[in-house]
Amino acid sequence: MKIKKADSNSQQVSFRTLLYFFIPLGLSASLVTISHVIINSTLARAPEPAVVIASYSVAMSLFALLERCAVILRQTCSTLVRDRISYKLMKNATFYVLAAIFLLSLILAYSPLGEVFFSGLLGVSDRMLQPTIDAYRVLMFVTIFSGVRCLYQGVIISNLKTKWLTIGMVIRLIAMASLAWILLENNLVNHGYIGAYIFLAGMAVEALVSVLEGRLIVRELPQKKDKHRIRQQSQIFRFYSPLMVASLIAVSVTPTINAVLGWSTKAEIAIASYAVALSVVHLLNSIASYVHQIVINFYPKDQGAVLRFTAIMSLIPSIMLMIIGYSPLGIWIFENIIGVSGELLDHSILALRFFVLFTLCFPWIDFANGILMIRNKTKIMSFSQTGNVVAAVASLFILIFVYPDGGGSIGALAQSIGFLFELIILSIFLKTAATVKNR
């Protein structure tokens, strides 16, 4: 891809500007993991922690699937909203999306279809079924607050006030920790839906902060910005729909890997070590998970600066992974913070090492996706994500056949290969598009 040099008429962007924009985003993404730690540590103190945590976790798996459709409203808004007309169209689209999600959630939570989904597809036992459904009946409201939050966070990000994402997340964590303490002090932690209520309270508070700041920004937007192309509702959905499809495709990878790892020699160790290593990788990658926002907001102004910034930031997750995977510090973190030991510790560290390719590719995939967003070519993301899944699943079946004793490292390597293929597909498209443009 050819990078244009900034000329005398272009607006150059300093590294400090990019850093001030990016740090609050990366920090807020990293803090998300703490909210789940608060919930899990609270539920672990229940009379029957295994049942309580399991019911909440299974309900969360369905919540995570549907919330994907709400979270990508953030990218859509930050890319398309530049005036009050486009904001109104985006707000309408948000209402339609959240209404559809909520209607589907109601059906799953209060009809026999939900019981079939949880017991048939997810394998929930009869003992766990009702607690799981009870937890989901609370979590479905979390999706609504999450969608509203993402709408206004998109406005906040596009106006470069990213500190409010960190502020909102900190307030959310304080609210969740306070509610968890009150519930524990009053011995009220006895069901999985308690964790859902803690999550709901935190998300509602974060949404409130985003709405208050976002509405102030909306008031300052021009009624109609010259040369801004978003004037019809269909334009919002043409951008949003491929993002949603790509996100739903991506969700299928981890459950597939877990299912195939169940065929390995020591299935429990394989699945657990993969899950432990993946949780660490997600934490490390969260630092670079907003690279696309750097691209959306600064790439049209100074392509070279954004490219250099991405090159630097892309190395941080991989360097941290190498330190954790190959030094005594990593062993200490796994034993004392994560709480694993023995054979599970050995397999978790081995799996983590195989994720290095994953961490190298992830920031550049996010970079390429950001370019596709500003060019309104989000349909390509569906193809690249499909390539990721196909490559990962094919690699997984080959590896489990060739090396059945590989444990969680099989899943780590397969997922890394999938991300490499996704990056190759995106690179080919961007290079082809640049060649056609320069003719």
Is the shortest heavy-atom distance from the side chain of Leu139 to the side chain of Val142 under 4.5 Å?
yes
Is the number of heavy atoms from other residues, nucleotides or ligands within 6.0 Å of CZ (Phe429) greater than 12?
yes
Answer whether the closest heavy-atom distance between the side chains of Arg172 and Val209 falls below 4.5 Å.
no
How many angstroms lie between atom OG1 of Thr79 and atom CD1 of Ile296, to the nearest 0.5 angstrom?
3.0 Å
Within the side chain of Ser241, is there an N or O that forms a donor-acceptor pair under 3.5 Å with the backbone of Arg238?
no
For residues Ser28 and Tyr290, is any side-chain donor paired with an opposing acceptor at under 3.5 Å?
no
Using distance alone, with no hydrogens and no angle criterion, decide if Thr17 and Ser14 have a side-chain donor and acceptor under 3.5 Å apart.
yes
Would you find more than 12 non-hydrogen atoms of other residues, nucleotides or ligands less than 6.0 Å from Asn336 atom CG?
yes
To the nearest 0.5 Å, atom CG of Leu27 lies from atom CD1 of Ile287 at 10.0 Å
side-chain contact (heavy atoms from CB on, under 4.5 Å) between Leu62 and Phe118: does it pass, once the steps are laid out?
CA-CA 9 Å; Leu62 176 57; Phe118 284 114; 3.6 Å; yes
Rounded to the nearest 0.5 Å, what separation is found between the CE atom of Met60 and the CG atom of Leu65?
12.0 Å
Would you say Ser409's side chain and Leu350's backbone share a donor-acceptor pair under 3.5 angstrom?
no
Apply ring pair (Phe, Tyr, Trp, His ring centres under 6.0 Å) to Phe309 and list each qualifying residue two or more places apart in sequence or on a separate chain.
Phe15, Phe22
My understanding is that only one of Thr76, Leu243, Val295 makes a side-chain contact (heavy atoms from CB on, under 4.5 Å) with Met373; could you say which?
Leu243
Donor on one side chain, acceptor on other, Gln415 and Tyr274, under 3.5 Å
yes
For Phe141, all residues meeting ring pair (Phe, Tyr, Trp, His ring centres under 6.0 Å), sequence neighbours excluded:
Phe102
Would you find a donor on one side and an acceptor on the other, under 3.5 Å apart, between the side chain of Arg137 and the backbone of Ala109?
yes
Would a 4.5 Å heavy-atom cut-off, applied to side chains only, mark Arg375 and Leu430 as touching?
yes
Return the minimal non-hydrogen interatomic distance between Ser30 and Ser286, and the atom names on each side.
OG-OG, 3.0 Å
Interatomic distance, OG1@Thr42 vs CD1@Ile194, rounded to 0.5 Å, equals 10.0 Å
Determine whether Leu179 and Met176 make a side-chain contact, defined as any pair of heavy atoms from C-beta on separated by less than 4.5 Å.
no
Atom pair OG (Ser210) and CD1 (Ile171), whose distance is rounded to the nearest 0.5 Å
9.5 Å
Measure across Ile72 and Ser247 and return the closest heavy-atom pair with its distance rounded to 0.1 Å.
CG2-OG, 3.4 Å
Check: Ala70 main-chain N/O paired with Arg74 side-chain donor or acceptor under 3.5 Å:
no
Could you walk me through whether Thr166 and Thr162 pass the side-chain contact (heavy atoms from CB on, under 4.5 Å) check?
CA-CA 7 Å; Thr166 303; Thr162 52; over 6 Å; no
Can you name the nearest heavy-atom pair linking Ser78 to Ser158, along with the distance?
O-CB, 3.6 Å
Which heavy atom of His191 sits nearest to which heavy atom of Leu43, and what is that distance?
O-CD2, 3.9 Å
What pairs of donor and acceptor atoms, side-chain ones from residues 353-371 against any protein atom, are under 3.5 angstrom apart with sequence neighbours left out?
unit_1	atom_1	unit_2	atom_2	d
Arg353	NE	Gly325	O	2.7
Arg353	NH2	Gly325	O	3.0
Thr359	OG1	Ser318	OG	2.9
Thr359	OG1	Val356	O	2.8
Trp364	NE1	Ser314	OG	3.4
Asp366	OD1	His292	ND1	3.2
Asp366	OD2	Val291	N	3.1
Asp366	OD2	His292	N	3.0
Asp366	OD2	His292	ND1	3.0
Asn369	ND2	Ile365	O	3.4

Can you measure from OH (Tyr326) to CG (Leu321) and round to the nearest 0.5 angstrom?
8.5 Å
Which pair of non-hydrogen atoms, one from Ala135 and one from Ala196, has the smallest distance, and what is that distance?
O-CB, 3.6 Å
Hey, mind stepping through Leu345 and Val276 against side-chain contact (heavy atoms from CB on, under 4.5 Å) and telling me if it holds?
CA-CA 9 Å; Leu345 170 63; Val276 169; over 6 Å; no
Counting neighbours of OH on Tyr197 that are heavy atoms of other residues, nucleotides or ligands and sit closer than 6.0 Å, is the number greater than 12?
no
Expected output: side-chain Thr378 to main-chain Phe239 donor-acceptor under 3.5 Å:
yes
What do you reckon, is CZ of Phe21 surrounded by more than 12 foreign heavy atoms closer than 6.0 Å?
yes
Counting C-beta onward and ignoring hydrogens, is there a side-chain heavy-atom pair between Val306 and Val13 closer than 4.5 Å?
no
Of all the heavy-atom pairs spanning Ile236 and Ala93, show the shortest one and how long it is.
CG2-CB, 3.5 Å
What pairs meet the ring-ring contact (aromatic ring centres under 6.0 Å, His included) rule with one or both residues in residues 52-78, with sequence neighbours excluded?
Phe63-Phe199
Sidechain-backbone polar pair: Tyr240 side chain, Cys69 backbone, donor-acceptor under 3.5 Å
yes
Is there side-chain contact between Tyr136 and Leu66, with heavy atoms separated by less than 4.5 Å?
yes
Close side-chain approach of Val71 to Ser146, heavy-atom, < 4.5 Å
yes
State, yes or no, whether a side-chain contact exists between Gln75 and Gln293 at a heavy-atom distance under 4.5 Å.
yes
Salt bridge (Lys or Arg N to Asp or Glu O under 4.0 Å) contacts in which one or both residues fall within residues 322-349, not counting sequence neighbours
Lys266-Glu343
Any salt bridge (Lys or Arg N to Asp or Glu O under 4.0 Å) involving residues 140-158? Give me the pairs, sequence neighbours left out, ordered by first then second residue.
Glu67-Arg149, Arg149-Glu206
Okay, side chain of Ser382, backbone of Pro242: is any donor-acceptor separation there less than 3.5 Å?
yes
Any chance you could lay out the side-chain contact (heavy atoms from CB on, under 4.5 Å) test for Leu151 and Leu73, step after step, and finish with the verdict?
CA-CA 6 Å; Leu151 168 65; Leu73 291 168; 5.5 Å; no
